[in-house]
Protein chains: 2
Amino acid sequence: MRLTTKGRYAVTAMLDLALHSDEGPVSLADISTRQGISLSYLEQLFARLRHFKLVKSVRGPGGGYRLMSSTADISIAQVVDAVSESLDATRCEGKGNCHEGEVCLTHHLWEDLSAQIHQFLSDITLADLVARNDIQSVRARQDLRVVTMQKDESHIAVSEIL
Amino acid sequence: MRLTTKGRYAVTAMLDLALHSDEGPVSLADISTRQGISLSYLEQLFARLRHFKLVKSVRGPGGGYRLMSSTADISIAQVVDAVSESLDATRCEGKGNCHEGEVCLTHHLWEDLSAQIHQFLSDITLADLVARNDIQSVRARQDLRVVTMQKDESHIAVSEIL
DNA sequence: CCAATTCCGAGTATTTTACTCAAGTATTCA
DNA sequence: TGAATACTTGAGTAAAATACTCGGAATTGG
Ligand code: FES
Ligand code: FES
């Protein structure tokens, strides 16, 4: 089972994209600022997301990324699959040969678990997440903070906008 | 989410123990031979399993390990929990602080996933696995192979017992 | 042109994993 | 009793994976 920072970042970034998709293309720099993910790392992740046709890029100034399909048509499983090798829980990666070339005692158990996890994440779409209250409240906090930071960079005292 | 070789080995070893529990205490050396897991590594794993009261040890010649409870009372989740830190899928380890000390966008999603995985593995007991056909057939193959190896060590030609 | 932005390939420090090794301690059988 | 068996403990380590960084090329709007 491979669910690492990479997969989590990818989902976070895609969700950020979904949340801001009505404002035109979203640049990786924006996502980087809002979500605290390194820009270079995001570039790596989006290369794969683009390869898997989950996003499309718009180059040049004012460019960024857009979702390729509607938020209701992109599942979390797709996103994780795109960046992680797979979210297979077996040791043999499905080949059934991890103990002296033969199937090990627990192979079928891990297969079942993998199927379970995949099903769960396939049933959740970006649209589902966007609709959740807990996520909207996190979003609100983050947007506020980013605005604050931008103002701050323009040498306007934080107190003025609070 | 932390499901590594460690957790898989632990489940494999516990299942091996369950399969041979009617033959008195099972030594780690036996499990090592049958399942192809390093003896020293098994020692590490069983130290934790014992600590979590899933097995008890019988010292001295002819000793080994026994299950602490009936196979129907030991779930896979318990075994994995004992050796892995946890099978939590969040990045913050449940603390909700992975982005600048605050909850990140996807925290709740990973919490849900963790609960799902935990539930799935909690519902499966060693007894369930022992009863499965696929596992019995793997067992049969392994037992045969071990007998063959033992005879071989006693300098009896393999052909004699085939 | 120039600046913003994506695109691409290598390179690398850190962490984790999956072990090994060595020196114990406890128990039992003969 | 004492030797053999087996568990117990703690430290150490090589290899792999992770989570990045870096430098620069390509693209495009203004
Ligand atoms: S996990 Fe597939 S053979 Fe062991
Ligand atoms: S995963 Fe818990 S706060 Fe990000």
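Reckoned from all heavy atoms, side chains included, excluding hydrogens, waters and symmetry mates. Sequence lines set the chain letters: A, B, ... in the order given, protein chains first and strands last, and positions in each chain run from 1.
Rounded to an integer number of Å, the gap from NE2 of H51(B) to C1' of dT8(D) is 13 Å. Rounded to a whole Å, the CZ atom of R66(B) is 15 Å from the C1' atom of dC7(D). Atom CG of L49(B) and atom P of dC7(D) are 13 Å apart (whole Å). The separation between D30(A) atom CG and dT6(C) atom C1' is 14 Å, rounded to whole Å. Atom-to-atom, CD1 of I31(A) to C1' of dT6(C) comes out at 12 Å; the value is rounded to the nearest Å. Atom CZ in R48(B) sits about 19 Å away from atom P in dC7(D), given to the nearest Å. Atom pair L17(A):CG and dT6(C):C1' shows a separation of 14 Å (rounding to whole Å applied). Distance L45(B) CG to dG10(D) C1': 15 Å, rounded to the nearest Å.
Between atom CG of residue L129(A) and atom CZ of residue R139(A) there is a gap of 13.5 Å, rounded to the nearest 0.5 Å. Rounding to the nearest 0.5 Å gives a distance of 6.5 Å between OH of Y41(A) and OG1 of T5(A).
Between F120(A) and D112(B) the shortest side-chain heavy-atom distance falls below 4.5 Å. Between T90(A) and E111(A) there is a side-chain heavy-atom pair separated by less than 4.5 Å. The shortest distance between side-chain heavy atoms of M68(A) and R50(A) does not fall below 4.5 Å. Residues L15(A) and L109(B) are not in side-chain contact: their nearest non-hydrogen atoms beyond the backbone lie 4.5 Å or more apart.
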Protein proximity profile, nucleotides 12-23 of chain D - base contact B, sugar-phosphate-only contact S, no contact -, cut-off 4.0 Å on heavy atoms: ------SBBBB-

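The phosphate of dT8(D) has OP1 or OP2 within less than 4.0 Å of a side-chain N or O from S57(B).
Contact annotation for F46(B): no contact, since no heavy-atom pair falls under 4.0 Å across all strands.
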Between I135(A) and L105(B), does a side-chain contact (heavy atoms from CB on, under 4.5 Å) hold up when you go through it step by step? CA-CA 6 Å; I135(A) 285 172; L105(B) 263 187; 3.9 Å; yes

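Comparing Y65(B) and P61(B) against DNA chain D, the residue whose closest nucleotide sits nearer the 5' end is P61(B). Of the two residues contacting DNA chain D, namely R59(A) and G60(B), the nearest-nucleotide position lying further toward the 5' end is that of G60(B).
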